[in-house]
Amino acid sequence: MKEFTAECAGAGRLEAMRSEVASLPGSPERPNEDWAAAALPASGSGGTVVLLDGVTPPAGDDGCVHTVPWFTARLGGALTELSGSRRDMPLSEILSLAIRRAADAHRDTCDLSHVRTPQATVVLVRWDEASVEHLVLSDSALLLEAPDGTVRAVLDDRLDRMPDEVRRSLEATDRLRNREGGFFTAAADPAVADRAVTGTTPRAEVRALAALTDGASRWVELFGAGDWADCFGVLREEGPAGLLRRVRALESADARAGGAHRWKLHDDATAVYAELSDH
Ligand SMILES: [Zn+2]
């Protein structure tokens with residue numbers, strides 16, 4: 001498991017910020033298609049969290065000569081850079097511009113109109129001294145913890161509202177992928193940024209936050225091991241790596257019991273946890 005911890009005391013402030021990232025591939029034979037970054041400030045008290053879950057296409061059928069990790073690195077890198085350099089720009093515009101940059105990088109070599117062109121779910125969070133901005137597109141989850149311990153989950157549940165058989169059928173999924181009435185991911189069309197769930201919360205109302213790809217959020221959403229507040233407690237006490245270990249243990253136990261729960265034994269799983277102020 002890859003783990004990364006960063007601590008930063010903002011210049012001129014005693015308040016410390018802490019962020020941790022952990023990521024596990026779903027299978028040792030396949031590249032991890034999740035991508036995450038936590039950027040803490042060179043000065044001041046702002047920061048950014050970026051979390052992407054690359055959508056896995058059937059082999060050799062996506063119109064692209066690149067790989068999904070190539071795409072998520074392009075998109076995630078652009079999101080991280082623009083969130084810091086363009087603080088004047090709302091997150092939906094940053095996503096739009098980042099999608100355009102990633103598309104420009106392979107417009108000449110690849111068929112970007114292909115329905116399975118490389119694409120990803122997005123969680124993007126940016127904060128400064130006054131506010132916490134968020135953007136969620138598709139089925140990764142964002143959790144915001146208030147100073148009183150209340151945890152709010154920000155979800156784009158369009159994919160979850162699709163009937164189960166749609167989620168299991170590649171053809172049915174393709175008919176709804178980035179289509180009106182279906183669900184939306186960050187692929188090659190910058191206009192999809194307008195479909196994202198966005199919002200702004202006063203900084204004083206956010207003590208800590210977390211972002212989870214669906215391989216990690218299944219601790220709540222698939223296994224029902226606890227609610228979002230319980231999940232946040234695990235992240236605080238055991239870190240993102242602790243949550244991922246718990247997910248893998250549940251998956252293995254479920255497989256031994258006959259595997260009623262899931263149709264993909266392990267998925268790439270990534271969790272980011274960031275404390276914006278001391279507890
Ligand atoms: Zn390509």
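Both ligands and their constituent atoms are indexed starting at 1 by order of listing. Just so it is clear, the values below take in all heavy atoms, side chains as well, and ignore hydrogens, waters and symmetry mates.
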Hydrophobic cluster of L135, others only, ordered by chain and residue number, side-chain cut-off 4.5 Å: W35, V50, L52, W70, F71, L75, L79, L82, M89, L91, I94, L95, L97, I99, V122, L124, L137, F184, V192
Would you check if R152 and E145 make a side-chain contact, meaning some heavy-atom pair closer than 4.5 Å? no
Calculate, to the nearest 0.5 Å, the distance between atoms CZ and OG1 belonging to R195 and T185 respectively. 12.0 Å
Tested for side chain to side chain contact (heavy atoms under 4.5 Å, CB included) against W127, the lone hit among T48, V206, V49 is V49
Using a cut-off of 2.8 Å, how many protein N, O or S atoms sit around the Zn ion (ligand 1)? 4
Separation between CG of D194 and OG of S92, rounded to the nearest 0.5 Å: 6.0 Å
Indicate yes or no: does D104 engage R107 in a salt bridge with an N to O separation below 4.0 Å. yes
